[in-house]
K.L.:
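The following block contains the structure, expressed as structure tokens.
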Amino acid sequence: SNKDDLRGTEGEAAERYFDRLDETLISGWTFEKRTKRPPGDHVNSLLSLTYTFMKNEAMSALRQYNLDPFLGVLHADRHGRPSLALDLEEEFRSSFCDAFVTRLINRGVIEHEDFNKDNRLGDDAFKTYLSKFEDFMNETLTHPHFEYEVTRRKAVRQQAILLRKAITDELDSYHALSFDH
């Protein structure tokens, strides 16, 4: 099916993309490949944590506009999996999540010593992480489509509104948030 083709292409794009991610990190940090359960290294640990927080942002944005986070557009519906939230979160992986992780590493906010043996952040580092994530979501950017200033959190909420309008046919098509141009 087209969805399977799309997922295949998505997989290849992700591989190429993660190669680039490695090039952006300061020395002493490398990103080999994406590993999840459990994260195989400190970069993966930070990515997983950030994707989880972004999924929560997406879920709360969807609920705010009465959309069921468990209905999926691109992600096949699987019981107990917040598919629509994952669809929405996907949009923010490179522009928000990976940019945030790169920033934490490159600015020395998080160091290798901040992790426990299981690659999880220690308590103090986790508190730092939380406050930095909050700051990051409250930072403003110029919205690429509307061309006005919004916080990142607001940008996620706006995408939820657009998604709702696309689903209810108020909009002809859905425009993902992209910073490519």
K.L.:
Any side-chain heavy atom of Asn44 within less than 4.5 Å of one from Asn119?
P.N.:
no
K.L.:
Taking side-chain contact (heavy atoms from CB on, under 4.5 Å) as the test, write out the residues that go with Asn116, two or more places apart.
P.N.:
Asp118
K.L.:
From Cys97 SG over to Leu49 CG, what is the distance, rounded to the nearest 0.5 angstrom?
P.N.:
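If we round to the nearest 0.5 Å, Cys97:SG and Leu49:CG are 10.0 Å apart.
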K.L.:
Compare all side-chain heavy atoms of Ile110 with those of Leu121 and state whether any distance is below 4.5 angstrom.
P.N.:
yes
K.L.:
Rounded to the nearest 0.5 Å, what separation is found between the CD1 atom of Ile105 and the CD atom of Glu111?
P.N.:
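Answer for the CD1-CD pair, Ile105 versus Glu111, is 10.5 Å.
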K.L.:
Holding to side-chain hydrogen bond (donor to acceptor under 3.5 Å, both in side chains), I want the full list of residues that pass it with Ser45, two or more places apart in sequence or in another chain.
P.N.:
none
K.L.:
Any side-chain heavy-atom pair from Met54 and Val156 closer than 4.5 angstrom?
P.N.:
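Side-chain contact under 4.5 Å: yes.
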K.L.:
Ignoring hydrogens and geometry beyond distance, is a side-chain donor-acceptor pair present between Asn138 and Asp135 at under 3.5 Å?
P.N.:
no
K.L.:
How long is the span from the CG atom in Leu104 to the CH2 atom in Trp29, to the nearest 0.5 Å?
P.N.:
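Leu104 atom CG to Trp29 atom CH2 measures 9.0 Å (nearest 0.5 Å).
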K.L.:
Quick one: does Val150's side chain get under 4.5 Å of Tyr148's, heavy atoms only?
P.N.:
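Counting from C-beta outward, Val150 and Tyr148 do come under 4.5 Å.
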K.L.:
Minimum heavy-atom separation for Asp41 and Thr35, please, with both atom names.
P.N.:
N-OG1, 4.4 Å
K.L.:
Between Arg153 and Glu134 (salt bridge meaning N to carboxylate O under 4.0 Å), is one present in this structure?
P.N.:
yes
K.L.:
I'd like to check the salt bridge (charged side-chain N to carboxylate O under 4.0 Å, His left out) partners of Glu139; sequence neighbours left out, ordered by chain and number.
P.N.:
Arg103, Arg152
K.L.:
Looking at residues at least two apart in the chain, or sitting in another chain, which of them share a ring pair (Phe, Tyr, Trp, His ring centres under 6.0 Å) with Phe115?
P.N.:
His42
K.L.:
Does any non-hydrogen side-chain atom of Val43 lie less than 4.5 Å from one of Thr30?
P.N.:
no
K.L.:
Checking Ser60 now: which residues fulfil side-chain contact (heavy atoms from CB on, under 4.5 Å) with it, not counting sequence neighbours?
P.N.:
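Counting only residues at least two positions away or on another chain, Ser60 forms a side-chain contact (heavy atoms from CB on, under 4.5 Å) with Arg157.
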K.L.:
Partners of Phe136 by ring pair (Phe, Tyr, Trp, His ring centres under 6.0 Å), sequence neighbours excluded?
P.N.:
Phe100
K.L.:
Give a yes-or-no answer on whether the side chains of Asp98 and Tyr51 include a donor-acceptor pair shorter than 3.5 Å.
P.N.:
yes
K.L.:
Between Tyr129 and Phe53, does a ring-ring contact (aromatic ring centres under 6.0 Å, His included) hold up when you go through it step by step?
P.N.:
CA-CA 11 Å; Tyr129 173 92; Phe53 277 102; 5.8 Å; yes
K.L.:
Supply the atom-to-atom distance Phe133 CZ to Thr50 OG1, rounded to the nearest 0.5 angstrom.
P.N.:
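Reported value, rounded in 0.5 Å steps: 6.5 Å.
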